[in-house]
Structure formats: structure tokens, C-alpha cells
Amino acid sequence: MIAPSPIRPALLFGSDPTPGIVSVLADRSGHARIWRRVDGRVRYEEATYPSWFFLARPELVDGLPVQELDASVLATGGANLQGSVGLVKLAGDNHFGYLVLTDQLDEVERRVIEAARQGHEEGRFTEPLSQLIYVRPALEQYLTISGRTYYQGMSYHDVRRLQFDLETSGLDANAHHIFMVAIRDSDGFATILDTTSMSEAELIGEFVRIVRERDPDIIENHNIFEFDIRFLVRRAHALGVPLPLGRDGSTFTESRDSVKVGAINEGFTRFSLVGREIVDTFHATKRYSAIQRDLRSNGLKEAARYFGVAPPDRVYLEGAEVYPTFLRDPALVRAYCMNDVEEVASLSTILLGPSFALASMVPKSYERIATAGTGQGLIEPLLVRAYLAGGHSLPSGQAVGSFAGGRTGIFATGIVDNVVKADVASLYPSIMLAERIAPASDQAGAFLTLLEELTGRRLHHKAQARNAELSADERRFEEAMQGAMKVLINSFYGMLGASFALFCDKSAAEQVTARGRDILQMVLDGLEARSAILIEADTDGVLFSLPTRADGEPWSYQTEAALIDEVAGLLPAGIHLEHDGRYRSMYSYMEKNYALLDYSSDVEPTLSTRVRLVGSAFRSTKLEPFIDHFLSQALLALLRGDVSSLQQLYRATCADLRAGRVPVADLCVTMPLTKDPEKYASSERKEEPYEVWINAGNPTWKTGTRIRYYQTRSGKRLLSDPPSAYDAAYYVDRLRTASLQRLDKALDREDLEAVLSESPGLFDPLMENVRPLVVKYVEPLETATPASPLAEPAPALAV
DNA sequence: CTCATACGGGG
DNA sequence: GTGTACGTATGAG
């Protein structure tokens, strides 16, 4: 545990530093149940607290036993209500001018809603209910008014995290069964149960016993909500096995919730346990890849490889192969299943660390912070806590509508060398601080105070994270704090433009983006004036290329940094331009779609580690594997300026195809059958995967079945059927079409067609003479993205 | 060509 | 009562 800092601003962490809270359950009658982990042991405590809500019209509590209270009771978080309803007149003239305190929230809220309905009927006021009362979930009420948060003084190593993974005979809990479960936790426990030595019911019972014995604070897996828990609950119910996994012996509860992925809210069914937090690395992965566009799939295996945490001897099995493999080689599937939970443990360390640290600041449960948006999800609860403690009236939210966003544009496509990335550090927060831009409704001045506090503290934590005098655990704690603060700092702007956020302010948001566009333009002008070739700009950063030096020497980091410093000198005070990466070359394909080649590739030109494919155009998971592989190799050759290699590669691939040397599995597409047979039959509309499956003599299927098939001369054929010769001409054509499209911007059209030819043509250019193409747009394709107010600038996750 | 619909993940 | 949103691939017309 980390001792609380002596200067610990309540604005950021809440006023009560009670350490070690790992879970809380609060009800609407003012009872809170608290689990704390102190020195590794879990203890249970209870507390009482007043429920609260903000109110716009005091007459809505007329007829209730109202007791007028002074705002000073709020600072101490207490009020002795004893059945009465506390009413506090708040300072300032924001919309919600009153705070109501009660220990019978159900009854009081019901009465207020009834009074509102009557008021509407009698025409005394017309505001919708949301403009009359502002009420939060009970758990947030407890944390907000008590000033407590989760995980004070804890590092990610101080909580016990348990990962479990089911292996099943299929995806449908009504038709399939569980045959294996792997369980591990962050304190070194690991075990595997399977049906070679017990029944499915015994396996579930044993799983329950182990989880209760290990008593984890956090339970994790990849797609745990949509798959593992749902499947477990269904099978346990069918077999009559109880699942008392909560800390009070209760079982899962279900609720509809949503996870914020980029600008989007995705619905999901949340399963919850009393006293424990449940988080999903699938959600975390999706949230990451919505921002960082070079993760190609959100699947566990792909994500683990991407973050470099896949064990070197990792066992890979196709989903459909898992159960058949278990029947003949259970040991192999045990290894596979244990690899899964190990990867989940590593992924959550990387992706959920910032959410963990945020939970020590924001008055919400960790599991909800892990799915929350940034503006309304993180900043608003901090401001509401500050307003509540300060006894200040609260503004109400409204629809914001669209407004002009960041400056984005593409200035050149093709293959460019000597590429540098520069970006303005924390552009929007810096603008808000430099220009003192805050919501007009922030009468208490909390917005900029918090932002300033966070900016200063983050630098401190960042420095401490590199302080060699601290222990490894302390340094990890410091790193997590600075990462969490970075997320918060980048979230302030998002709240301004978020419709129905209490403190939203369209005009303030517009001021920020307008100033941001001006500043980026200054950067672009400054770079161009110094002979840089602009490639692409997006909100707060720019990719540009430097022309080959007159003396033929390569550019060094130092000269690039000096150039950026020069341009930085043109910018207003408080705005910092930084060198953010350098690349040997780049293939600029479309806006936000490009490939980058590291300088280290000169030494070691290997594929996967040296070429970074960014953007959805390169992401398509539906390509046949051999095309996907070819394109990566082709891009590597192009980025190295080696057109002959590209041609050789193309010809070799075509020759392999024609000679029947390409394994059929590399030619297959993989498609899911997501509709059940009845639904497909009634949809009237023919879809290839279903037709292939039916034509192969399969009248029915289970939903979720994934099939793989390839093209033969006589039609599509399933990989699982007896093998047949594939249609080489078809695949040569597929290769050519896909390559012509993806490499279109890299070479002149005629050159590209000559390079991608199977045999030499009469008028073909010599490969030595084919030069990669660069097209500069005279009129830069400039845009001020019609702002989706929710598309916040990437709150880059600290990884 | 344009328009409409389904998909992302888990065994 | 507001956020069923994003970008892409496929099939139908």
C-alpha cells in the first residue's frame, strides 16, 4: 500500500482518504456495505449515509416532513435526518438550486415524481422530469457524499484479480456444454478443471468452491459478459447447480448497460456480483482500438500478439477444433485454455491499469469506470462531487448539436521517406488553460482548478515514475497515476460538447476547436516555410517528410527536433509542439490510413515488427490469408523502395497459385452463420456462406458456426469436406484486384500494372526505373470535421 | 452504379 | 427523454 500524499486535494480524490476499498454495495435507504483489502486481508464494514438528489423547484417536496439545513452539513457528508427530509438552499443561480437529503429515497423520489406530474397537469410548469430532478445511482451517491473512492493507496498489485475461461463444445448454451475451465489469479494461483475426471455439474460446483476460496476482488476475461458468464449461468441453471459467487453468497444479477467505444455507446448485459468487480478485456480492447487504429482485430489472440504478451509456446486452436481436440488430446486443450487466462491477465494489466487508477479519483465503481465515457463518465462526477461538497447549485444539460471540430487533412499520398511526426502536447487542455476557457455554468470555478491541478500533478507523477530511488511497486503506482491523470486531462474538452452533460457548453467547445485549428495551421505553415513536405494532419498532430539533404547525409533526430523547436517558437505561450516519432518511410494511402516503416528495419527487415499498418483499409479481416500475407510483404518491399522484389514476390505468388502449391487453408475465407436456419429461410435473401453450407449437403446448422471455404472450378467448397483442386485463375485474379486497389497510391498506374504482371510485356519499364509515386495535392483536401461532439481527441491510453 | 442490411467477439 | 452511434462488405435492384 502507498501512504496517502500529505497534499491530497479533495477536488481530485474526494475528502475521505480511507484506504483499500475494493467494492461497495449501497442501497436507497442509506445503507452501504463496504469491502476493504488491508494488508492483503479482506474486511467487511457497514456505513450509513444520506441519499441525495438535486432539485430545481423546492415546491416538489411540499407535503413531506422537510427540515431546512445549512449547506455546511454537506462538507462533512453527514446529516441526522431521522425520517425527515433535508432541504438545502444552494449557492449561486444555476438551474438545480436545491439539494434534498433523505434516508428513504424510494418514497421521497416517488413523491417528487408525483408532484411533478401534478404540476404538469395543472400547468404550473412544463419542464420534463430530467430538468426538475437530478438523481444518481445509489453507489455513486454514497461515494460522492462520503468523499470516498475505491482503491485509495493501492497499486494494481494490491488487489486480487482472478481470470477464468470456459471451454465449451460450442457457442450455444442451450445446445452445448462446458467441458473445461481454467482459473488463475494475480497471487500465483492456477488450476484447470475438466470433464475427464468429473461431470459438468461437478466442474461448475468445484469452480464455485475455488472462486469463493480465492475470494478475488476483480474477475476478468475476454468477452466475459456476452459469453462466459452467460454460458455459465445457463448451464448451472439447467444442471441445478447454485452459483453463490457474491461476497454475501448471492449470485449474479443482470442489468442493461452500455460501454463507450470511441464515440459510440454499445449496449450490453452487465452481470454483477456483490462485493466484487467484473471487467471485460474485450471491452477494453475495443476501446483501445477505437483510438489506436493499428490493432487489426479485437480478438484475444490478436490483441495478445499486438501487445507482445502472447507466450512464445502458446497453443493455437480454431474455435471449432477445440472440443474435437479435447476428445483425443485433453492435455493440449488444457495448455490452450491456460494460455487464454494468462493472456487475459497480461492484457488487463496493460489496458485496464488506467481505469484502476481512475477509480481512486472518480466516485464510481471500478467496473463502471472501465466502461464509462470520458466527459459525462469521468469529469462530470468529479464536478458534481465538488459542487455537492461546496453547497453550490448545479447546471442542467441540454442538446448541443454539431459544431466545427479539429483541422484534418491529407496533403500527399504515395511513398515518402524521412517521415517525422510532430504533435502539440495536450492541445485542447493547453488551449483551455491558456485562454481560460471553461463552461459558463461553472460558477464555482472547479473546471479550470481541476484541470490545472491535474496538469501539475501529472508532471510530478511522471517524474516520480522514473525516479530510481523508488521501489518497482511505487514506480508502477506513479506510472498508473500519471496515466489516469492523462486520461482525465484529455476528457475535459469532451464534456463541453457532450449533449446533456450537466456542464456542456457549445460556445466554449467551439472556442477550443477554433483555436485548435488556428494553432495547427500555424504549425503547418511553419513547417512548409522550412521546406517540409506535409503529408497528413489531424487535430493536434502532423506527419511530414523532409527532402533529401543537399549533402546526401541522412536526417538525424537532433536536426528534426531542432526544426520542430523552431516551429514551436512561433506558437502562443502555453502551447508545446513535440517530436513524436520518426520513420524511414511511409505509404500514405488515404486519410488516417497509412503504413510506416521503422528506421531499425535497415538493420533487421522483418515484417511484423517493422511495418505498422494503420487504419481500417488495412484491417479487413475478411481477406483470404494468402492475400493478407502478400500485401504486408508487398508494402515492406515498397517502403524499402525495392520494386523488383515486389515484382518477384508477385510472380512467385502467382506461380505458387498456378502450381497448386498454396495450402487450401490459406485460400479460404472464414464466415460465421449468425442467422438460425428458420430466420435465414424467411429472409428471402441469399447469402454466400449459407448457400455454400447448404449446397455441401448440410440442411441445418447451429447459430454462430464459423465455416471456411474456397473456390474450385465447379464452385465454392468447404475446407472440412474432402479436398479438391482450387481454382488458380480465380485466386490470381483476387490477388491482382486486391493489390491494384491497396497499392494504387504507391505507383503510377502503368507502372503498377507492369509490376503486378505474371510475365514480361513488350513495353514494360525496367524495374530499376520504376519510382514510387508521390502525389501532392495543390489544394490540400482540408476539412474541419463537422464535429461529432462525442469524438473526443484520442485520450491516448497510457501503455 | 446506389441503397439496404449485417457485422465486429466468445467455443 | 438522448447516444442505434462507426466503417466496411455483401447482396438486391
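Only a predicted model underlies this, so the values are computations on that prediction, with no experimental measurement involved. Chain naming here is simple, since letters A, B, ... match the order of the sequence lines and numbering starts at 1 in each.
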Among C/dG3, B/dG10, B/dG11, the one nearest A/Leu300 by side-chain distance: B/dG10
I need the CH2-P distance between A/Trp701 and B/dG11, as an integer number of Å. 23 Å
With heavy atoms under 4.0 Å as the rule, sort A/Asp340 into base, sugar-phosphate or nothing. sugar-phosphate
When rounded to the nearest Å, what value does the distance between P atoms of B/dA6 and C/dA5 take? 15 Å
Hey, which sits more toward the 5' end of DNA chain C by its nearest nucleotide, A/Ile264 or A/Gln376? A/Gln376
Describe the nucleic acid contact of A/Leu166 in one word from base, sugar-phosphate, nothing, applying a heavy-atom distance below 4.0 Å. sugar-phosphate
Nearest-Å distance, CD (A/Glu318) to C1' (B/dG10)? 14 Å
A/Ser130, nearest nucleotide to its side chain (from C/dG1, B/dG10, B/dG9): C/dG1
Grab the CG-C1' distance between A/Asn223 and B/dG11 for me, whole Å please. 11 Å
In whole angstrom, what separates A/Arg734's CZ from C/dA9's P? 10 Å
Does the distance from a Lys or Arg side-chain N to an Asp or Glu carboxylate O, for A/Asp329 and A/Arg334, drop under 4.0 Å? no
Base, sugar-phosphate, or nothing for A/Tyr323, non-hydrogen atoms under 4.0 angstrom? nothing
Tell me, do A/Leu351 and A/Thr281 make a side-chain contact under 4.5 Å, heavy atoms counted? no
Would you mind classifying the nucleic acid contact of A/His222 as base, sugar-phosphate or nothing, using non-hydrogen atoms under 4.0 angstrom? sugar-phosphate
Partners passing ring-ring contact (aromatic ring centres under 6.0 Å, His included) against A/Phe326 (at least two apart in sequence or in another chain): A/Phe179
Just checking A/Glu691: base, sugar-phosphate only, or nothing, at a heavy-atom cut-off of under 4.0 Å? nothing
Verify the ring-centre separation between A/Tyr323 and A/His176: is it less than 6.0 angstrom? no
Which of the following nucleotides, C/dG1, B/dG11, B/dG9, is nearest to the side chain of A/Glu226? B/dG9
Check every strand shown and say whether A/Ile224 touches a base, only sugar-phosphate, or nothing at a heavy-atom separation below 4.0 Å. nothing
Between A/Phe500 and A/Glu266, who's closer to the 5' end of DNA chain C by nearest nucleotide? A/Phe500
Picking from C/dG3, B/dG11, B/dG9, which would you name as closest to the side chain of A/Phe227? B/dG11
Let me know the distance between CG of A/Asp257 and C1' of C/dG3, rounded to the nearest Å. 13 Å
Can you measure A/His120 atom NE2 to C/dG1 atom C1' for me and round it to whole angstrom units? 12 Å
Relative to each other, are the rings of A/Tyr731 and A/Phe626 parallel, tilted or perpendicular (30° and 60° limits)? perpendicular
Validate the cation-pi geometry between A/Arg270 and A/Phe268: distance from NZ or CZ to the six-membered ring centre under 6.0 Å, angle to the ring axis within 45°. no
Quickly work out the A/Tyr680 OH to B/dA6 C1' distance and round it to whole Å. 13 Å
N/O to N/O distances under 3.5 Å, protein versus nucleotides 10-13 of chain C:
| unit_1 | atom_1 | unit_2 | atom_2 | d |
| --- | --- | --- | --- | --- |
| C/dG11 | OP1 | A/Glu688 | N | 3.1 |
| C/dG11 | O3' | A/Lys686 | O | 3.0 |
| C/dA12 | OP1 | A/Lys686 | N | 2.9 |
| C/dA12 | OP1 | A/Lys686 | O | 3.3 |

Starting from P on C/dG1, measure out to OH on A/Tyr134 and report it in whole angstrom. 20 Å
Quick test of your reading of the model: are A/Arg230 and A/Glu226 salt-bridged, counting only N-O distances below 4.0 Å? yes
Remember a base hit wins even if backbone is also touched, and classify A/Ala399 as base, sugar-phosphate or nothing at under 4.0 Å, heavy atoms. nothing
Distance check, P atoms only: B/dG11 and C/dG7, in whole angstrom units. 29 Å
Under the salt bridge (charged side-chain N to carboxylate O under 4.0 Å, His left out) test, which residues partner A/Asp228, sequence neighbours left out? none
Quick test of your reading of the model: are A/Glu114 and A/Arg117 salt-bridged, counting only N-O distances below 4.0 Å? yes
May I ask you to evaluate whether A/Ser297 reaches the phosphate of B/dG9, defined as a side-chain N or O under 4.0 Å from OP1 or OP2? yes
Need one value for A/Gly299: base, sugar-phosphate or nothing, where a base atom within 4.0 Å counts as base even if backbone is also close, heavy atoms only. sugar-phosphate
